[in-house]
Amino acid sequence: MASSSERSPPPFPDAGDAAGRGSDEEDGDDLFSNSSLSETPTVSQPTDDLLTPPGDATAEPTSDRVSSGLGSKTSSDNLMSPPSDVTSDPISSGSESKTPSEPSDEFDDLADNWMTPAASVDAKAGKGASENLLNDEFVDLLGNETEPQSQEGEGESLFAEIADPKQEVKETAPLLDLSSSADLAPNPPSKIIDPLAELFDDPPPAAAQKQSAAADLFEDEGSDLFADPQQIKTANPPQKSLFGEPDEDLFGEPLGAKKKPAAEDPRDEPLADKSASNDSGKASRERKHDDIFAADAGDPGDSSRLNSRTNGVHVDESTDIFAEATVELSLDSPQSERKKAAAPAAAAAVGKPSTSAATSVAKSQTAMLEELEEEEESELEDKFDITISITDPEKIGDGMTAYMAYKVSTQTTLSMFRNKTFTVRRRFSDFLGLYEKLSEKHGPGGVIVPPPPEKSILGMTKVKVGKEDSSSADFVERRRGALERYLQRVVTHPSLIQDPDVREFLERDELPRAVSTQALSGAGFLKMINKATDAVSKMTIKMNESDVWFEEKLQEVESADQQFRKLHALVESLVLHRKELSINTASFAKSTAMLGSAEDNTALSRALSQLAEVEDKMEQVHQDQAANDTFGFAELIADFIRLLGAVRGSFDHRMKAWQRWQDAQSTLQKKREAEAKLQWANKPDKLQLAKEEIAEWEAKVTQFERDFDRVSATVRKEVLRFEKEKARNFKKQIVKYLENLLKSQQQLIKYWEAFLPEAKAIA
Amino acid sequence: MSFFEEVKEEAPLSVHGHSIKVAEVLQDGDALTFLIVSQKLSGTGEYHVDRTYEDFEWLQQNLFNQEDVPGIQGVIFPPLPAKAQMNTTPKATRQLGFLGLEEFKPYCAALENFLHQVAAHNLLRKNKALEIFLTSSDPPGRQKARRNIFNRLSQAVEEMRKEGHKDVDEFFQTKRDVNLSITGCIKNTVDKFLDLVQTEQKIAVACGHFATALHLCVESDDDPDKAAFTKICVRLSDVFESMKNSMASVAENDVSTLGLGLDLQSRYREAEKEMLFRRTCKLVELETALKNAEKAKPVKKAALEEVKKTVETEFNHVCKVAKQEIEHFEDARVKMLQQALVKWCEKQLRTAREIAEQYDQHLQAFRAM
């Protein structure tokens with residue numbers, strides 16, 4: 001509590017400022033100025049530009065928030081401050097409309113943490129349109145953050161973040177607030193819950209729109225969230241879960257959460273009110289535009305949003321914009337910062353919509369939005385403006401504690417990064433740690449998280465022992481390449497790039513040492529994958545697959561896995577032969593040289609020595625070719641074998657979701673039976689309890705079913721994306737391979753051409 | 001690749017030496033039958049005869065046994081390749097070296113070359129056995145060949161003793177030394193080159209397998225992404241198919257030029273070594289005869305002197321022929337190797353260019369996808 005109180009102070013001031021100023025914009029500015037140092041303002045400006053509707057006060061704040069969220073990765077303080085600003089803004093607005101002071105405290109925390117909550121509050125505020133908008137936004141945010149996880153995931157992540165923030169309270173006030181709120185629990189959670197609930201409530205319409213609009217990940221999530229009123233409950237649970245437990249709890253405890261949120265709602269509402277007032281009409285319109293709305297929940301601001309999206313990140317769809325913002329926020333505080341970031345982002349998103357709605361409400365045109373989205377999507381294909389290169393593998397330390405460190409350089413034009421280029425040093429376990437975090441967060445939602453190369457005790461031991469032979473150099477180079485491709489896959493994944501951990505991994509100078517990667521080491525990692533696949537196959541038997549598509553896909557994946565393994569074995573043997581060729585060429589060169597020196601005919605002797613030299617050079621060509629085979633093909637195929645494992649993992653997660661749903665259903669069945677018995681036995685006192693339980697489980701069943709549907713949709717989308725990537729990746733790689741092949745062939749031609757006159761000159 | 005220029009003398013041979021061809025090889029169980037075609041000197045028309053490896057051996061024994069020709073032991077006999085084993089175990093293949101590759105095509109080429117060398121040799125071409133071998137419709141070699149002094153087995157035993165015998169003639173001493181070192185080197189080189197070629201063949205096979213396996217990735221599906229991937233696989237399969245072909249032809253080039261050349265060099269070195277050894281044996285014989293003649297009691301003196309004179313004459317003949325042969329050999333050897341190198345280089349260059357062009361086409365196709 002103490003910590004929370006400490007944290008809370010910042011929010012209060014903000015709230016007070018906001019209230020005093022009355023206008024969202026002002027509040028936001030104040031907040032920024034107050035909480036965020038010069039850094040945040042700068043950030044906010046760019047974002048504002050992006051948003052275009054700078055005129056709208058809300059728009060600016062939101063943009064600021066977003067920017068702060070984005071920037072937050074680098075500096076937690078900035079991030080923290082922005083979130084607080086955001087929250088304060090909404091709060092202030094809310095407070096104006098409703099009593100801000102009380103909520104403000106919570107708000108600060110909550111708002112910081114949850115932009116969305118604030119939005120939801122707004123929605124609750126009473127303006128249906130605005131609410132919807134807000135909700136949509138929230139949904140988007142949520143969806144964006146954790147597409148697969150959507151409700152649950154977001155809630156969880158938020159909570160997790162919150163918890164982290166608590167830990168990291170020191171770093172950023174907002175975080176602290178959030179964390180404190182989390183600790184305080186009731187207030188923040190309630191807030192959170194409310195927004196979520198609202199989101200969910202509103203979502204239905206919005207969800208539909210979103211679905212259509214954001215066919216991708218976002219759509220799924222959004223739809224789920226919005227689709228069910230029950231989700232509100234879920235939303236509440238998430239909050240709870242954040243604090244304590246994951247999905248189930250969230251769902252189970254929604255009521256309490258709701259209550260709390262309600263109290264907090266006012267704060268949120270301010271934002272909502274603003275937006276509502278401005279956009280209420282627009283919002284409603286926007287809702288109508290399914291696609292737009294999803295992405296552009298704040299339809300009024302659709303145009304602006306779109307712009308912002310385009311400006312900001314190419315990667316995501318319109319919905320993504322919000323998602324990105326949220327994601328970024330969450331990213332900022334991988335642990336604690338995430339919450340803050342998410343909150344600011346959400347707030348920003350909310351604010352944006354509202355502002356945009358106010359300003360450009362009339363403009364909400366779904367068609368335009370859709371078009372923009374489409375454009376963005378098509379651009380996305382080629383426009384992942386981020387390139388990772390890993391260089392300078394370096395052995396650090398001696399003996400068995402030695403490890404390899406790699407230079408990770410990022411080049412990007414994505415506005416979510418502070419700089420265009422930056423470089424950090426990471427060791428292998430950091431990569432594994434990143435994977436672990438990502439798969440924990442995104443895996444259950446059905447996202448195919450690209451797997452890193454396995455730990456290799458044998459290979460690393462050689463390196464550690466310090467053998468400077470070719471096999472250890474080969475090992476290091478293979479691993480370097482694999483890590484590079486792994487990271488590149490991560491950053492080109494539209495939802496993973498949004499993850500705060502990814503950003504932190506790329507940007508932060510010092511990364512906390514990954515602790516638990518031991519579990520991922522070598523055999524353990526493989527075992528994990530194998531276990532997952534085993535589980536999948538076992539469960540497939542149990543699960544009577546309702547969707548033929550998945551059944552077929554799973555089979556395809558299985559057979560593709562076998563094919564790739566076969567191809568891999570073949571390429572590896574080809575590589576072996578090539579290496580042998582290079583060795584044989586070398587020894588032929590040697591024996592030719594000896595023959596040349598033994599030869600008593602001087603002309604012949606000279607020609608033979610020259611031949612020896614040519615063969616020596618050819619040895620290099622063959623060696624290069626072996627490397628080309630290795631890195632061009634063998635590694636590519638190995639990558640895909642790993643990826644196929646991840647694909648199967650996502651099927652596994654889907655199966656688990658199904659299992660959970662089925663379990664809930666059977667539990668519900670039992671509860672119903674028990675109720676029937678009670679009724680028969682005429683025990684009204686217990687009957688009430690039973691009814692409540694049934695209601696609870698009914699909600700759970702619905703929720704789990706929705707989860708399952710969402711995971712299914714995500715998996716489906718991910719698999720399609722995987723296939724697309726597969727084809728593209730192969731093509732790219734093959735072109736590179738052929739280029740190398742051609743190059744070495746031309747080199748050979750040169751050598752032959754040089755030797756021919758020598759041979760002719762013998763006589 | 002003829003070692004010795006055809007000498008323009010009266011030719012008892014009724015065919016053109018350079019027209020001799022081993023046109024075909026027939027496999028009948030464990031035995032190989034070679035169809036040998038040669039053009040008649042008299043005009044149009046060809047001789048077609050079927051010969052087995054035993055017939056070749058018969059011919060070679062006959063050449064060895066021309067005791068009426070003075071200095072015959074000084075001849076570097078064209079080396080006959082070892083007998084081809086049908087059950088090509090790795091060991092047998094190893095023994096044959098390049099000749100065991102590619103279904104005996106190089107083996108036939110080696111046999112053909114052997115006949116060319118014999119027909120072009122100014123001492124050997126006069127032998128009736130060659131005429132019979134090339135023209136008689138009856139296979140000549142089916143009766144047991146007589147064993148003669150050149151029996152390799154006995155040679156191996158004696159070698160240990162006489163190999164190191166100091167020569168009286170510095171020319172021959174040098175030649176023997178050089179021969180000894182070069183024979184080792186060239187054998188080593190042939191081995192290494194064979195390894196190289198075999199690896200190339202393995203790569204060709206591996207490429208072929210990969211190309212085949214890629215076809216397994218083909219999925220018939222309407223899905224555009226899958227169709228694209230299928231297309232990629234098929235194309236890639238083509239790439240590896242041409243890689244396979246290119247590797248195969250690189251290997252073939254290796255075998256048919258430098259491989260055969262080095263192999264012939266190596267066998268000729270062996271033949272030279274044998275000749276030098278025979279000469280050394282003669283030398284030892286002469287020295288013994290000299291000693292005997294000196295130490296002989298008067299009764300036997302005349303006879304021993306006679307023996308000594310005979311041996312001396314023989315030795316001188318051998319030395320004379322040997323010197324000529326060595327000079328010929330040196331000359332022909334360099335020319336032969338040069339030819340092999342040039343042809344090798346040209347062929348590889350042509351192949352490399354063709355492959356590069358193919359790769360380029362593939363690359364363009366991929367880029368256009």
Side-chain angles (χ1 to χ4, degrees), chain A residues 556 559-560 563-564 566-567 570-571 573-574 576-578 580-581 583-585 587-592 594-601 603-604 607-608 611 615 633 720 723-724 726-728 730-731 734-735 737-739 741-742 745-746 748-749 751-753 755-756 758-763, chain B residues 174 178 181-182 184-186 188-193 195-200 202-203 205-207 209-210 213-214 216-217 219 223-229 231-233 235-236 239 243 246 330 333-335 337-338 341-342 344-346 348-349 352-353 355-356 359-360 362-363 366-367 369:
Chain A
E556 271 177 33
S559 71
Q563 285 162 9
F564 276 124
K566 192 173 176 201
L567 286 183
L570 286 173
V571 176
S573 80
L574 181 60
L576 272 182
H577 290 323
R578 290 241 201 241
E580 193 184 306
L581 180 64
I583 292 167
N584 286 342
T585 310
S587 57
F588 176 59
K590 216 174 179 181
S591 62
T592 314
M594 275 168 60
L595 183 63
S597 64
E599 176 61 58
D600 51 358
N601 181 304
L604 196 58
L608 286 172
L611 177 60
E615 290 291 330
F633 265 117
L720 290 176
E723 278 171 357
K724 189 170 261 159
K726 182 171 82 168
R728 259 182 40 198
F730 260 85
K731 193 195 145 189
I734 289 168
V735 167
Y737 178 77
L738 278 174
E739 279 167 357
L741 204 60
L742 191 58
Q745 201 59 43
Q746 276 157 350
L748 285 182
I749 292 177
Y751 293 151
W752 287 120
E753 279 171 346
F755 181 64
L756 188 54
E758 301 289 346
K760 282 182 174 164
I762 291 173
Chain B
T174 322
V178 168
S181 74
I182 285 205
C185 278
I186 198 141
N188 188 32
T189 310
V190 170
D191 277 355
K192 299 294 178 206
F193 196 56
D195 286 341
L196 190 67
V197 170
Q198 281 177 331
T199 308
E200 282 166 352
K202 277 190 228 163
I203 291 178
V205 171
C207 286
H209 285 170
F210 191 70
L214 274 172
L216 294 177
C217 292
E219 297 162 323
D223 185 74
D225 288 327
K226 272 195 207 155
F229 186 68
K231 222 169 118 190
I232 287 171
C233 284
R235 275 225 154 272
L236 189 62
V239 171
M243 203 186 292
S246 78
E330 289 295 331
R333 180 182 68 88
V334 173
K335 264 188 204 147
L337 200 53
Q338 187 226 5
L341 281 172
V342 170
W344 180 54
C345 197
E346 281 170 348
Q348 296 295 40
L349 191 54
R353 283 185 177 137
I355 300 163
Y359 286 164
D360 194 48
H362 285 304
L363 183 58
F366 263 110
R367 280 191 179 136
M369 265 171 82

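Just so it is clear: chains get the letters A, B, ... in the order the sequence lines come, proteins before strands, and each one is counted from 1. Source: prediction; values computed, not measured.
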Side-chain heavy atoms of B/I203 within contact of A/E580, under 4.5 Å: no

Closest contact, heavy atoms only, B/A213 versus A/L567: CB-CD2, 3.5 Å

B/H209 NE2: over 12 foreign heavy atoms closer than 6.0 Å: no

Top contributor to chain B contacts, counting heavy-atom pairs under 4.5 Å, from A/E723, A/E739, A/E758: A/E739

Separation between CD1 of B/I182 and CG of A/D600, rounded to the nearest 0.5 Å: 5.0 Å

Rounded distance [0.5 Å steps], CG in B/L349 versus CG in A/L748: 10.0 Å

Exercise: identify the closest heavy-atom pair between A/M594 and B/C185: O-SG, 3.9 Å

Heavy-atom check, side chain of B/M243 versus side chain of A/L741, under 4.5 Å: yes

B/C345 side, atom SG; A/K760 side, atom NZ - distance, nearest 0.5 Å: 8.5 Å

Minimum heavy-atom distance between A/A727 and B/I232, given as atom pair plus value: O-CD1, 3.2 Å

Derivation and outcome, side chain to side chain donor-acceptor pair (under 3.5 Å), residues B/T199 and A/N584: CA-CA 8 Å; B/T199 308; A/N584 286 342; 2.6 Å; yes

Contacting moiety of B/E330, where chain A heavy atoms sit under 4.5 Å: side chain

Distance (rounded to the nearest 0.5 Å) between A/L742 CG and B/I355 CD1: 11.0 Å

From B/K202 atom NZ to A/L581 atom CG, the distance as rounded to the nearest 0.5 Å: 10.0 Å

A/W752 side chain near B/W344 side chain, heavy-atom distance below 4.5 Å: yes

Electrostatic pair B/K192-A/E615, nearest N-O below 4.0 angstrom: no

Contacting moiety of A/K731, where chain B heavy atoms sit under 4.5 Å: both

Geometric cation-pi criterion A/K726 and B/F229, 6.0 Å radius, 45° cone: yes

Residues B/D195, A/K590: salt bridge by 4.0 Å N-O rule: no

Part of A/L611 lying under 4.5 Å from any heavy atom of chain B: side chain

Separation between CG of B/L341 and CG of A/L604, rounded to the nearest 0.5 Å: 7.0 Å

side-chain contact (heavy atoms from CB on, under 4.5 Å) assessment of B/L236 paired with A/F633: CA-CA 11 Å; B/L236 189 62; A/F633 265 117; 3.4 Å; yes

Heavy-atom closest pair, residues A/V735 and B/L363: O-CD1, 3.4 Å

Residue list, side-chain hydrogen bond (donor to acceptor under 3.5 Å, both in side chains) with A/E753, at least two apart or on another chain: B/R353

Plane angle bin for B/F193 and A/F588 - parallel if under 30°, tilted between 30 and 60°, otherwise perpendicular: tilted

Partner chain B: residue of A/K566, A/Q746, A/E599 with the largest heavy-atom pair count (under 4.5 Å): A/E599

Side chain, backbone, both or neither of B/V178 within contact of chain A (heavy atoms, under 4.5 Å): side chain

Contacting moiety of B/C233, where chain A heavy atoms sit under 4.5 Å: neither

Lys/Arg-Asp/Glu bridge criterion (N-O < 4.0 Å) met for A/R578, B/E200: no

